[in-house]
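Being a predicted model, the structure only gives us computed values, none of them experimental.
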Amino acid sequence: YKSLFRIASPSFVLRGSALLWGMFFKGSKLKVENRGKRFVTTAIHGAPFCQPSLCSSIGGGMLSALEHAGATNVRLETHQCRSTGGDRCSFSFQWN
């Protein structure tokens with residue numbers, strides 16, 4: 001998979017992750033809601049529950065995937081966890 005990271009754009013990597021999401025998390029979907037050359041916004045839809053520690057782990061995995069795909073200075077701009085209110089967990093990343 002290292003060669004894939006070298007040729008794929010960062011947001012493409014998260015789109016691919018969204019396609020594989022169902023193999024690991026039954027009943028929910030990871031959707032890339034908005035993306036551009038230097039940003040991506042994702043959300044987890046249909047999850048029956050969430051805990052801040054799970055959200056933190058998922059966000060860290062996304063950040064790591066973006067860095068492996070060549071994004072530099074990645075930062076989590078906004079994050080909303082379903083456990084603190086709302087209907088889904090969402091993550092918004094930006095990079096240079």
Side-chain angles (χ1 to χ4, degrees):
Y1 66 91
K2 288 181 181 181
S3 60
L4 172 66
F5 278 124
R6 281 190 214 123
I7 62 171
S9 70
S11 59
F12 175 82
V13 168
L14 284 187
R15 268 194 346 211
S17 298
L19 295 173
L20 297 173
W21 181 265
M23 293 174 59
F24 303 100
F25 298 96
K26 302 295 182 195
S28 65
K29 292 186 180 199
L30 174 65
K31 294 184 180 181
V32 175
E33 297 189 328
N34 198 4
R35 65 185 173 96
K37 190 169 179 91
R38 306 238 183 262
F39 73 92
V40 66
T41 302
T42 62
I44 301 167
H45 294 266
F49 70 95
C50 188
Q51 296 176 342
S53 58
L54 176 60
C55 243
S56 179
S57 177
I58 291 168
M62 288 184 203
L63 192 138
S64 180
L66 290 167
E67 289 176 338
H68 279 83
T72 57
N73 299 322
V74 181
R75 58 201 174 278
L76 178 62
E77 289 293 314
T78 60
H79 170 243
Q80 181 179 6
C81 181
R82 185 170 185 243
S83 67
T84 60
D87 62 342
R88 62 185 177 204
C89 298
S90 60
F91 306 84
S92 181
F93 294 93
Q94 289 188 355
W95 57 89
N96 296 334

If two hydrophobic side chains count as joined below 4.5 Å and joins carry through other members, does Ile58 share a cluster with Phe49? no
Tell me, please, which residues at least two apart from Glu33 pass salt bridge (Lys or Arg N to Asp or Glu O under 4.0 Å). Arg88
Hey, what do you get for CZ (Phe93) to OG1 (Thr42), rounding to the nearest 0.5 Å? 6.0 Å
Non-hydrogen atoms of Arg75 and Asn73 that approach each other most closely: NH1-O, 3.1 Å
Using the side chain to side chain contact (heavy atoms under 4.5 Å, CB included) rule, take Gln51 and Ser83 through it: C-alpha gap first, then chi angles, then the decisive distance, then the call. CA-CA 6 Å; Gln51 296 176 342; Ser83 67; 5.7 Å; no
Distance check, rounded to the nearest 0.5 Å: Asp87 atom CG versus Arg82 atom CZ? 7.5 Å
If you compare all heavy atoms of Cys81 against all heavy atoms of Cys55, which two are closest, and at what distance to 0.1 Å? SG-SG, 3.6 Å
Minimum heavy-atom separation for Ile44 to Trp21, with atom names? CD1-CH2, 3.8 Å
With sequence neighbours left out, what residues match Arg38 under salt bridge (Lys or Arg N to Asp or Glu O under 4.0 Å)? none
In chain order, what residues pass the ring-ring contact (aromatic ring centres under 6.0 Å, His included) check against Phe91, with sequence neighbours excluded? His79
Shortest non-hydrogen contact from Ser92 toward Thr41: OG-OG1, 3.5 Å
